[in-house]
Amino acid sequence: MELRSSNINKLDNGDFDVLIVGGGINGASAAAALAGKGVRVALIERGDFAGSTSMHSSNLVWGGIKYMESRDFALVRKLCMSRNHLIKSYPATVQEIRFLTTITRGFRYHPRYLWAGAWLYWLIGNGFTRIPRFLSPTAIRDSEAIIDTRNAIGGFEYSDAYLYDNDARFVFNFVRGALNYGAVAVNYVESLGARREGAGWITRARDVISGRELEVRSRVLINAAGPWVDEHNSLTGQATDHRHLYSKGIHLIVPRLTDSQRVLAFFADDGRLFFVIPMGPRTCIGTTDTRVERPEVVASEEDIRFVLDNINKRLELDKPLGKEDIISIRCGVRPLAVKAEGSGERDFLQLSRKHAIDVNQRDAHLSIFGGKLTDCLNVGEEIVAAVGSMGLEVPYPKHRWYGEPPDQVRREFLHQAKLMRLDAMTASDASEPLSTRLWRRYGTHALEMLEEIREDPLQAEVLIEGTEYLRCELRYAKRREMITRLEDFLRRRSKIALVVHEEAMRRSPGLREACTILFGDEADARLEEYFATTRRERGEAAADESLASLGSARSVTPGE
Ligand SMILES: Cc1cc2nc3c(=O)[nH]c(=O)nc-3n(C[C@H](O)[C@H](O)[C@H](O)COP(=O)(O)OP(=O)(O)OC[C@H]3O[C@@H](n4cnc5c(N)ncnc54)[C@H](O)[C@@H]3O)c2cc1C
């Protein structure tokens with residue numbers, strides 16, 4: 001039986017130690033931590049895993065340099081330690097990257113002052129990364145020709161880290177890890193609310209695909225519904241110390257602007273940090289920070305103009321970027337944790353992004369507020385501690401539940417790959433050798449792919465033109481990655497929908513074959529469903545003239 005159906009059967013009337021509602025980074029890391037330490041866990045996600053906020057981030061794993069300005073050194077220290085921990089634990093996935101920041105005349109701080117701040121940031125981060133460097137306008141120009149330095153008075157380079165593949169893939173790997181430890185995780189299953197019965201919880205859930213209703217029993221309930229945490233708490237009658245405010249942020253994906261693998265950082269017109277971030281064969285630019293009242297958002301004309309205007313003012317491109325250059329849009333809300341009784345004004349302006357876990361011991365209920373991808377290992381550990389404090393047994397408290405496989409497994413993989421000349425099969429336009437990519441994405445499971453390619457070299461062929469995904473990856477995705485809709489693969493397990501124009505995808509004969517591998521007899525229906533969704537999104541956006549001219553704007557409405 002396929003993975004999803006079998007997990008749905010296990011959910012229905014299943015009895016778990018813990019049920020987690022929400023499969024973004026907070027829910028996924030909590031599930032991996034608990035399952036790895038031997039707790040019986042279920043996780044339900046009403047859309048796809050990482051289908052909301054966690055697929056709209058800037059892909060940065062950073063120590064929070066911007067909180068240096070508000071002198072929140074404790075937060076910076078915590079985030080720097082989390083960043084270092086992630087770089088060490090995921091050397092192939094979370095990689096150090098240089099940030100080149102340009103300061104223009106009239107900015108609130110002199111570049112030398114900021115450079116000194118970058119040194120302090122480096123020290124707070126235990127000197128784990130390469131040292132900061134001061135740059136004159138000429139040196140900036142020499143190292144990055146596209147930066148318009150006419151108004152620049154200097155700049156500095158420092159290091160943080162980024163997710164080489166993308167955020168949604170990173171999150172899915174925690175879900176996959178939890179599944180490996182025996183967790184029951186299912187996408188497209190929505191919690192309709194939960195009630196206390198005896199010493200536990202009964203959660204009413206609905207399979208969004210079939211409409212089937214289920215009941216899931218658990219001793220502890222964890223609300224990891226991201227921006228919808230408050231909404232879900234109102235369904236279960238939970239009162240909490242915190243609540244969420246929302247800040248909308250968008251990114252635009254455009255053709256690659258520079259070949260240098262560094263982030264270009266600027267201060268935008270609103271005084272906030274603004275980035276040009278490498279994204280495989282493309283460049284990702286953003287972001288914005290607009291307070292909104294609801295978590296369901298789309299990129300408005302104003303958001304898009306803000307990003308384009310700011311970038312065009314700071315770069316010297318052959319031709320300024322226009323809407324026609326946009327390949328895709330990312331748009332989501334940051335769930336910001338604030339005290340429930342306050343107005344939230346102070347917290348919002350200070351842009352604090354700390355997470356908070358509210359524990360209701362009496363009801364055995366936890367709510368996770370706020371947070372960052374960068375913070376995910378802390379969230380996992382804190383959730384285990386909180387669950388333990390509720391009297392649940394944690395059988396393997398010391399088990400390390402995260403990180404890439406040990407070095408000897410990697411060496412064995414690389415050895416096998418070398419013996420079969422895997423890298424010689426890399427497509428000529430690929431950005432990196434096959435062995436590097438397969439290891440980063442699949443870790444130990446990449447060994448299974450070698451086996452498939454040895455049996456049938458066609459498995460090493462790129463299937464969808466303009467992407468780097470192989471036939472064997474599609475087969476693997478079908479078996480182990482719970483692809484329920486085509487978008488799950490195109491947008492989240494891979495980043496194809498972010499970097500390939502929708503029109504190019506439509507014309508690709510390989511996409512049809514990919515669909516057949518993923519969905520068998522349902523291939524046509526799934527293809528149609530996918531393009532109907534993108535069409536509908538464009539249709540919906542017609543009212544918003546900004547999006548009418550774009551190919552693939554995505555909203556974050558869950559469960560679509
Ligand atoms: C523009 C932007 C840029 C960012 N950049 C960075 C960055 O560079 N680095 C960084 O570390 N962080 C960054 N963040 C922050 C980070 O992305 C978020 O803090 C994080 O993704 C939130 O994860 P989450 O699990 O709480 O929420 P989500 O990812 O939204 O997950 C919650 C899930 O719960 C599900 N759900 C809701 N209700 C139900 C229900 N009733 N039943 C079942 N499921 C339900 C939703 O469908 C959703 O998938 C950024 C955020 C934004 C918006």
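Each ligand, and each atom within it, is numbered from 1 in the order the structure gives. Along the sequence shown, residues are numbered consecutively beginning with 1.
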Using a 4.0 Å cutoff against the non-hydrogen atoms of Gly226, which atoms of ligand 1 qualify? 26 (O), 27 (O), 32 (C)
Identify, by atom number and element, the atoms of ligand 1 in contact range of His232, meaning under 4.0 Å from any of its heavy atoms. 41 (N)
Compare Ala168, Ala161, Ser54 and give the one whose heavy atom is closest to atom 29 (O) of ligand 1. Ser54
Asp375 and Lys354 ion-paired at < 4.0 Å: no
Can you tell whether the side chains of Glu215 and Arg195 come within less than 4.0 Å, N to carboxylate O? yes
N/O to N/O below 3.5 Å, does that happen between Ser191 and ligand 1? yes
Ring centroid separation for Phe174 and Phe49, is it under 6.0 angstrom? no
Are Asp15 and Arg40 within salt-bridge range, i.e. N to O under 4.0 Å? no
Ligand 1 versus Asn26, non-hydrogen atoms closer than 4.0 Å: side chain, backbone, both, neither? both
Donor-acceptor contact below 3.5 Å, side chain Glu45 vs main chain Gly47: yes
Between Lys339 and Asp241, does any NZ, NE, NH1 or NH2 come within less than 4.0 Å of an OD or OE carboxylate oxygen? no
Are any of the N or O atoms of Asp48 closer than 3.5 Å to those of ligand 1? no
Ignoring hydrogens, just give me the one of Lys248, Glu45, Arg206 whose non-hydrogen atom is nearest atom 33 (C) of ligand 1. Glu45
Which of the ligand 1 atoms, numbered from 1, are nearer than 4.0 Å to a heavy atom of Thr287: 1 (C)
Using a 4.0 Å heavy-atom threshold (strictly under), name the region of Val189 that reaches ligand 1: side chain, backbone, both or neither. backbone
Under-4.0 Å heavy-atom contact with ligand 1, by part of Val333 that carries it: backbone
Heavy-atom distances under 4.0 Å decide this one: backbone, side chain, both or neither, for Glu231 against ligand 1? neither
Does ligand 1 come near enough to Val21 that some N or O of the ligand is less than 3.5 Å from an N or O of the residue? no
Where ligand 1 meets Ser57 - atom numbers and elements under 4.0 angstrom, heavy-atom basis: 2 (C), 3 (C), 4 (C), 5 (N), 6 (C), 13 (C), 14 (N), 17 (O), 50 (C)
For ligand 1, is any non-hydrogen atom under 4.0 Å from Asn59's backbone (N, CA, C, O), its side chain (CB onward), both, or neither? backbone
Just to be sure I read this right, does ligand 1 sit under 4.0 Å from the backbone of Ala205, its side chain, both, or neither, counting only heavy atoms? neither
Below 30° counts as parallel, above 60° as perpendicular, anything between as tilted: where do the rings of Tyr121 and Tyr158 land? perpendicular
Should you measure from each heavy atom of Gly371, which atoms of ligand 1 turn up under 4.0 Å away? 19 (O)
Stacked cation flag Arg485 on Tyr188, 6.0 angstrom / 45 deg: yes
Determine whether Ile25 and Phe170 satisfy the following criterion, side chain to side chain contact (heavy atoms under 4.5 Å, CB included), listing intermediate values before the conclusion. CA-CA 8 Å; Ile25 187 63; Phe170 184 63; 4.3 Å; yes
Is Arg330 paired with Asp167 through a side-chain N to carboxylate O contact shorter than 4.0 Å? yes
Please state which option from Arg334, Arg46, Lys372, His355 has its nearest heavy atom closest to atom 52 (C) of ligand 1. Arg334
Answer yes or no: is there an ion pair linking Asp72 with Arg77, defined by an N-O contact shorter than 4.0 Å? no
Report yes if Ile25 has an N/O atom closer than 3.5 Å to an N/O atom of ligand 1; otherwise report no. yes
Tell me which part of Leu60 gets within contact of ligand 1: side chain, backbone, both or neither, using heavy atoms under 4.0 Å. both
Assert yes or no for the condition that the ring centre distance of Trp228 to His244 is strictly below 6.0 Å. no
Per-residue contact class, His56 against ligand 1 - non-hydrogen pairs under 4.0 Å: backbone
Please determine, by modelled atom types, if Thr101 and Glu157 share a side-chain donor-acceptor pair under 3.5 angstrom. no
Would you mind listing which atoms of ligand 1 come within a distance below 4.0 Å of any non-hydrogen atom of Gly249? 1 (C)
Between Arg243 and Asp230, is there a side-chain N and carboxylate O pair less than 4.0 Å apart? no
In ligand 1, which numbered atoms sit nearer than 4.0 Å to a non-hydrogen atom of Gly332? 53 (C)
Gly47, Pro227, Ala225: member with heavy atom nearest to atom 37 (C) of ligand 1: Ala225
